[in-house]
Number of protein chains: 2
Amino acid sequence: MTDATPDRRGGRQLPTADELRIWRDFIETTAALSSRLESRLQSDSALSTGDYAVLLALSEAQGQAMRSSELATHIGWERSRLSHHLGRMERRGLIRRQECATVPRGSEVLLTTAGAEAFRGATFPHLRAIRELFVDALTPDQIVAAGEIAAALRARLDVLRPH
Amino acid sequence: MTDATPDRRGGRQLPTADELRIWRDFIETTAALSSRLESRLQSDSALSTGDYAVLLALSEAQGQAMRSSELATHIGWERSRLSHHLGRMERRGLIRRQECATVPRGSEVLLTTAGAEAFRGATFPHLRAIRELFVDALTPDQIVAAGEIAAALRARLDVLRPH
DNA sequence: TTAGCATCATTGACATGTCAATCGGTAGGC
DNA sequence: GCCTACCGATTGACATGTCAATGATGCTAA
């Protein structure tokens, strides 16, 4: 990556072939990693990573319950996505919904016994898979670098808020 | 990250809190990045990244055509996924399918004029978005590191082939 | 020959995600 | 008091992805 070319950065330049290759490797590999984690979790525990995120948040919440919109913010989902997902999880008996006592027109999401058990059973295999597929794949330096890269990308996404 | 603890790596240890935090940042940020790219491409060109991958492969192919299974291998998709996607793209007039002359029971996928034009129109904005959201977000060193991290993760995924 | 098997591609059933519309209720502005 | 605008949450329509089953066709071995 030389600085000798006239309009290197800060310019209207398109990515170089090298940059594009790295981009493709990076984005495809991280997608494959997510997908592998997803199927590991699925076969280890019959939960999706979405289920896991919801159950984790509820497990750590006061009284194992949260307001729906709070939960959406906490795990960073759109509300309609959460609503659909909670409907599916409720049908499977993992959570329950009831009117919120304190907030008018609020809905409270509760962890059921079955949900808590499913989460307990999923935790260990899931963390083990994260170690095997991510932590053990990288050197300690690379893990730090991955954190910095994520932070830099996140900052860029935040600056370039969608229009 | 010290080596002083008894069972550091190569062990049955779960990830540390730091490792887990980095893991979450990393996987969520890359997912958000994909999603942002997807919506940029969508609003710039009315194409999805899936459409783009198919059109890119066909554009670069001999005669702007490929056998279906060749195409699936080339872009790394399952065949059923490709088949569904081609059906949708065919309905929109971006590609055409016809029986393959050389291979029995093979199907040949052809780029239409509309497909080629849609791809031409999408290329520049898409590459610009990759520059803005990825290349410009990172230092040159970080881009190199991202490439190495992707390679290491990919190698790990390949070693731990699903069962 | 023909039964069984492998291969290429498609299909159907279903899980998941997004976007826009809706529903019910609360709160201001007048 | 009433109209309106907003807010939390859900819903419907649709795009996309996976898995398992199904055609359709050629290959091979008894």
Side-chain angles (χ1 to χ4, degrees), chain A residues 28 31-32 34-43 45-54 65-92 94-110 162-163, chain B residues 28 31-32 34-43 45-54 65-92 94-110 162-163:
Chain A
E28 286 173 9
S34 278
S35 152
R36 184 74 66 87
L37 247 292
E38 183 81 45
S39 70
R40 285 274 295 250
L41 185 57
Q42 189 64 233
S43 58
S45 68
L47 295 177
S48 68
T49 51
D51 300 332
Y52 188 86
V54 168
M66 286 180 90
R67 289 248 329 285
S68 179
S69 60
E70 229 184 310
L71 179 54
T73 303
H74 188 74
I75 60 182
W77 287 9
E78 290 187 14
R79 276 215 302 245
S80 97
R81 174 182 177 185
L82 181 61
S83 197
H84 282 299
H85 205 95
L86 290 179
R88 293 188 291 261
M89 291 181 74
E90 193 165 31
R91 274 202 298 282
R92 292 192 288 146
L94 298 171
I95 56 117
R96 242 174 356 106
R97 280 185 285 194
Q98 67 181 24
E99 276 201 6
C100 178
T102 65
V103 177
R105 78 188 165 288
S107 148
E108 185 136 41
V109 184
L110 300 139
H163 317 325
Chain B
E28 285 172 10
S34 278
S35 152
R36 184 73 67 87
L37 246 293
E38 183 82 44
S39 70
R40 285 275 294 250
L41 185 58
Q42 190 63 234
S43 57
S45 67
L47 294 177
S48 68
T49 51
D51 300 333
Y52 189 86
V54 168
M66 285 179 89
R67 290 249 327 286
S68 179
S69 60
E70 229 184 310
L71 179 54
T73 303
H74 188 74
I75 60 182
W77 287 10
E78 290 188 13
R79 276 216 301 248
S80 98
R81 175 182 176 186
L82 180 60
S83 197
H84 283 299
H85 205 95
L86 291 178
R88 293 187 291 260
M89 293 181 73
E90 194 165 32
R91 275 201 299 281
R92 292 190 289 149
L94 299 171
I95 56 120
R96 245 176 351 105
R97 279 183 286 194
Q98 67 181 23
E99 276 200 7
C100 178
T102 65
V103 177
R105 80 187 163 288
S107 149
E108 185 135 40
V109 185
L110 299 138
H163 319 323

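What you see below is based on every heavy atom in this structure, not just the backbone, and it leaves out hydrogens, waters and symmetry mates.
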Give every donor-acceptor pair under 3.5 Å between a side-chain atom in residues 76-85 of chain A and any protein atom, sequence neighbours left out.
| residue | atom | partner | partner atom | Å |
| --- | --- | --- | --- | --- |
| A/H85 | ND1 | A/R88 | NH2 | 3.3 |
| A/H85 | NE2 | A/D51 | N | 3.4 |
| A/H85 | NE2 | A/D51 | OD1 | 2.7 |

How many whole angstroms separate atom CG of A/D51 from atom P of C/dT16? 6 Å
Considering every strand and a 4.0 Å limit on heavy-atom distances, what is the contact class for A/R97: base, sugar-phosphate, or nothing? sugar-phosphate
On a heavy-atom basis, which atom in A/H74 and which in A/M66 lie closest, and how many Å separate them? CB-CE, 4.0 Å
Are the side chains of B/L47 and B/L94 in touch, meaning some heavy atoms are under 4.5 Å apart? yes
Could you check which of D/dT10, C/dT18, C/dT10 has an atom nearest any side-chain atom of B/S107? C/dT10
Partners passing salt bridge (Lys or Arg N to Asp or Glu O under 4.0 Å) against A/E38 (at least two apart in sequence or in another chain): none
Below 4.0 angstrom from OP1 or OP2 of C/dA9, is there any side-chain N or O of B/R67? yes
How many Å lie between CD on A/E99 and P on D/dG8, as a whole number? 16 Å
Output for pair (A/E28 CD, B/S34 OG), nearest 0.5 Å, gives 9.5 Å
When you check the phosphate oxygens OP1 and OP2 of D/dA15, does a side-chain N or O of B/S48 lie under 4.0 Å from one of them? no
So which atom in B/V109 and which in B/S68 form the shortest heavy-atom distance, rounded to 0.1 Å? CG2-CA, 4.1 Å
When rounded to whole Å, the CE to C1' distance for the pair A/M66 and D/dG8 reads 15 Å
Would you say A/R88 reaches C/dA15's phosphate, i.e. side-chain N/O to OP1/OP2 under 4.0 Å? no
Has A/S43 got a side-chain atom pairing as donor or acceptor with A/S39's backbone, closer than 3.5 angstrom? yes
Just call it for A/R92: base, sugar-phosphate, or nothing, with non-hydrogen atoms closer than 4.0 Å on any strand. nothing
Nearest-nucleotide comparison on DNA chain D, the residue closer to the 5′ end among A/E70 and A/S39: A/E70
Rounded distance (Å) that lies between atom P of C/dT16 and atom CG of A/L47: 10 Å
Round to the nearest Å and state the distance from B/Y52 atom OH to D/dA15 atom C1'. 21 Å
Select from A/W77 and B/S69 the residue whose nearest nucleotide in DNA chain C is closer to the 5' end of that strand. B/S69
Numerically ordered, the residues 79-87 of chain A set in heavy-atom contact under 4.0 Å with DNA chain C is A/S80, A/R81, A/H84, A/H85
